[in-house]
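A quick note: this is a predicted structure, and the numbers were derived from the prediction, not measured. As a basis for the values below, the full set of heavy atoms in this structure was taken, side chains included, without hydrogen atoms, waters or symmetry mates. Numbering of residues begins at 1 and proceeds along the displayed sequence. Remember, it's 1-based here, ligands and their atoms both numbered in the order they're listed.
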Amino acid sequence: MIENRIYNFAAGPSMLPEPVLLKARDQLLNYEGSGMSVMEMSHRSKVYDDIITQCQAELRKVMNIPDDYDVLFLQGGASGMFAAIPLNIAPNSTADYVISGNFANNAYKEAKKYLKDIRVAASTEAENYVRIPRQDELVLNPDADYVHVCFNNTIFGTTYHYIPDTGKVPLVADMSSSILSEPVDVSKFGMIYAGVQKNMAPAGFAVVIVRHDLIGHKSPLCPKIWDFALQVEKNSMINTPPTYPIYICKLVLEWIMETGGLEAMKKRNEEKAALLYDYLDSTDFYKATADKADRSLMNVTFRTGDNDLDAKFVKESIAHGFSNLKGHRLVGGMRASIYNAMPKEGVEALIDFMKDFEKNNG
Ligand SMILES: *Cc1c(COP(=O)(O)O)cnc(C)c1O
């Protein structure tokens, strides 16, 4: 870690890899001899066209995206896509939603505005989303246009360790908080999307990876800038794209390739998460809040069982140079988001602090 930087456990926006920040610093005032910052460039210039094209190509390489999928960079974040999805890929105005957390529910509520027949395939709301619905719990409509899932539940700290089988119905996954954390078989999905501010780039856009045959059937209500087919045609540049975040995204993807790709990333992420979960399981002082079988590698939620003690933990953690360990209000307690850019040393330092806090308060 560079001096004066701290371990930031924020759920998003969150840490970016230091090599990426350093490279951006080096290129800040004069990008590759262009005489200007990427921030100052016309999105219609040749030099910027190369950046966005390379970013897309790099994502295809890193995620091994098959050729029959389109890759788009769209504004409005993941929440914008909650509306854009039903407006683009529901020609029969019907879809199934699996409700595994707050964002899954927000996606459902937004889509409900646009669809004639929207159904809940399963929900774990009654258990305050401590787990992911199992395959055998899914009640699927074979005539649905798609099935929507939230793959990693950022707030609750749960994730799918299986890919739901939806038969011939395309599976659509919000991967905002787990994209690029491990390899995924893109061909198992009709569409994958993510707000970039957790694991890809600074806030400013959503990545959409969509099977080509699913697009081109948009609702007449669909805003032009979210028309997937038109954006494919215009290389995500119907209007001015978020030029700087897309450039940083390119640097992040290059960093992933340079550090061994997604297999190596997965190994590092499993190691980091295991350190934290093994410690949580070894003590009675803290309790992990998510069901063991469905634990997220990215967002680790835990509590002491005493709200005052949780508040004290958060306060003291800040004094010790950690930030953003307070849990989301819907869960309480603490949450450590340990995305790709969080070094193993950050997790080890957190565990040392947790042990001391336990000693002093247990
Ligand atoms: C953060 C997050 C969102 C919301 O993303 P925005 O880009 O802020 O709209 C949606 N889904 C999941 C899973 C998230 O983690």
Side-chain angles (χ1 to χ4, degrees), residues 8-16 72-87 97-113 123-125 129-133 146-161 163-164 171-182 184 189 191-209 223 225-226 236 241-242 244-246 248-249 252 269 273 289-290 294-301 324 326-331 335-342:
N8 174 10
F9 292 91
S14 42
M15 288 180 81
L16 284 161
L72 295 171
F73 305 139
L74 303 180
Q75 293 183 75
S79 302
M81 296 309 107
F82 294 167
I85 291 163
L87 289 169
Y97 276 70
V98 180
I99 317 288
S100 58
N102 194 54
F103 287 118
N105 195 35
N106 287 349
Y108 167 74
K109 284 188 297 191
E110 190 71 1
K112 212 173 158 90
K113 296 181 194 166
S123 170
T124 47
E125 186 185 3
Y129 304 122
V130 293
R131 67 178 185 89
I132 298 289
Y146 63 87
V147 178
H148 182 278
V149 295
C150 179
F151 218 67
N152 186 79
N153 296 278
T154 323
I155 292 173
F156 298 91
T158 60
T159 203
Y160 281 80
H161 291 292
I163 297 177
L171 178 62
V172 174
D174 176 356
M175 289 198 185
S176 293
S177 49
S178 59
I179 195 163
L180 304 181
S181 65
E182 60 182 347
V184 281
F189 298 84
M191 173 174 162
I192 291 170
Y193 69 104
V196 293
Q197 67 274 18
K198 276 93 190 211
N199 227 2
M200 299 189 88
F205 68 106
V207 158
V208 169
I209 301 162
I225 58 154
W226 285 345
S236 300
Y244 201 75
I246 289 170
I248 299 289
C249 187
V252 168
N269 285 329
T289 40
D294 297 333
R295 286 172 174 176
S296 167
L297 295 184
M298 296 285 99
N299 312 99
V300 179
T301 49
N324 290 298
K326 189 177 189 320
H328 191 279
R329 70 192 150 72
L330 294 173
V331 185
R335 170 176 55 176
S337 294
I338 50 173
Y339 297 115
N340 289 351
M342 172 61 69

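Of all protein heavy atoms, the one closest to atom 11 (N) of ligand 1 is Asp174 OD2, 2.6 Å. The single protein non-hydrogen atom nearest to atom 14 (C) of ligand 1 is Lys198 NZ, 2.9 Å, given as residue, atom name and distance. In terms of protein heavy atoms, atom 6 (P) of ligand 1 is closest to Gln197 NE2, 3.4 Å. Shortest contact from atom 9 (O) of ligand 1 to any protein heavy atom: Ser79 OG, 2.6 Å. At the top of the distance list for atom 4 (C) of ligand 1, counting protein heavy atoms only, stands Phe103 CE2, 3.6 Å. Nearest protein heavy-atom contact of atom 15 (O) of ligand 1 is Thr154 OG1, 2.4 Å.
The closest donor-acceptor contact from the side chain of His161 to the backbone of Arg295 lies under 3.5 Å. In terms of modelled atom types and a separation under 3.5 Å, the side chain of Trp226 and the main chain of Gln75 share a donor-acceptor contact. For Ser176 (side chain) and Val196 (main-chain N/O), no donor-acceptor pair under 3.5 Å exists by modelled atom type.
No part of Met175 comes within 4.0 Å of ligand 1, judged by heavy-atom distances. Looking at Phe82 against ligand 1, only its side chain comes within 4.0 Å, counting heavy atoms.
In the vicinity of Gly77, heavy-atom distances shorter than 4.0 Å reach the ligand 1 atoms 7 (O), 9 (O).
When Thr289, Asp294, Thr301, Asn153 are each tested for a side-chain hydrogen bond (donor to acceptor under 3.5 Å, both in side chains) with Thr158, only one passes: Asn153.
The CG atom of Leu180 sits 10.0 Å away from the CE atom of Met298 when rounded to the nearest 0.5 Å. Atoms CG and OG, from Asn199 and Ser177 in turn, are 8.5 Å apart once rounded to the nearest 0.5 Å.
One side chain, Asn152 or Thr159, offers a donor N or O that lies under 3.5 Å from an acceptor on the other. No side-chain N or O of Thr154 forms a donor-acceptor pair with one of Asn299 less than 3.5 Å apart.
Residue-to-ligand polar distances keep Asn152 apart from ligand 1: every N/O pair is separated by 3.5 Å or more. The shortest N or O to N or O distance between Ala78 and ligand 1 is below 3.5 Å.
The shortest heavy-atom distance from Cys150 to ligand 1 is under 4.0 Å. Ligand 1 has no atom lying under 4.0 Å from any heavy atom of Met81.
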Check your understanding: Does the pair Phe205 and Leu74 meet the rule for a side-chain contact (heavy atoms from CB on, under 4.5 Å), with working shown?
Key -> CA-CA 5 Å; Phe205 68 106; Leu74 303 180; over 6 Å; no

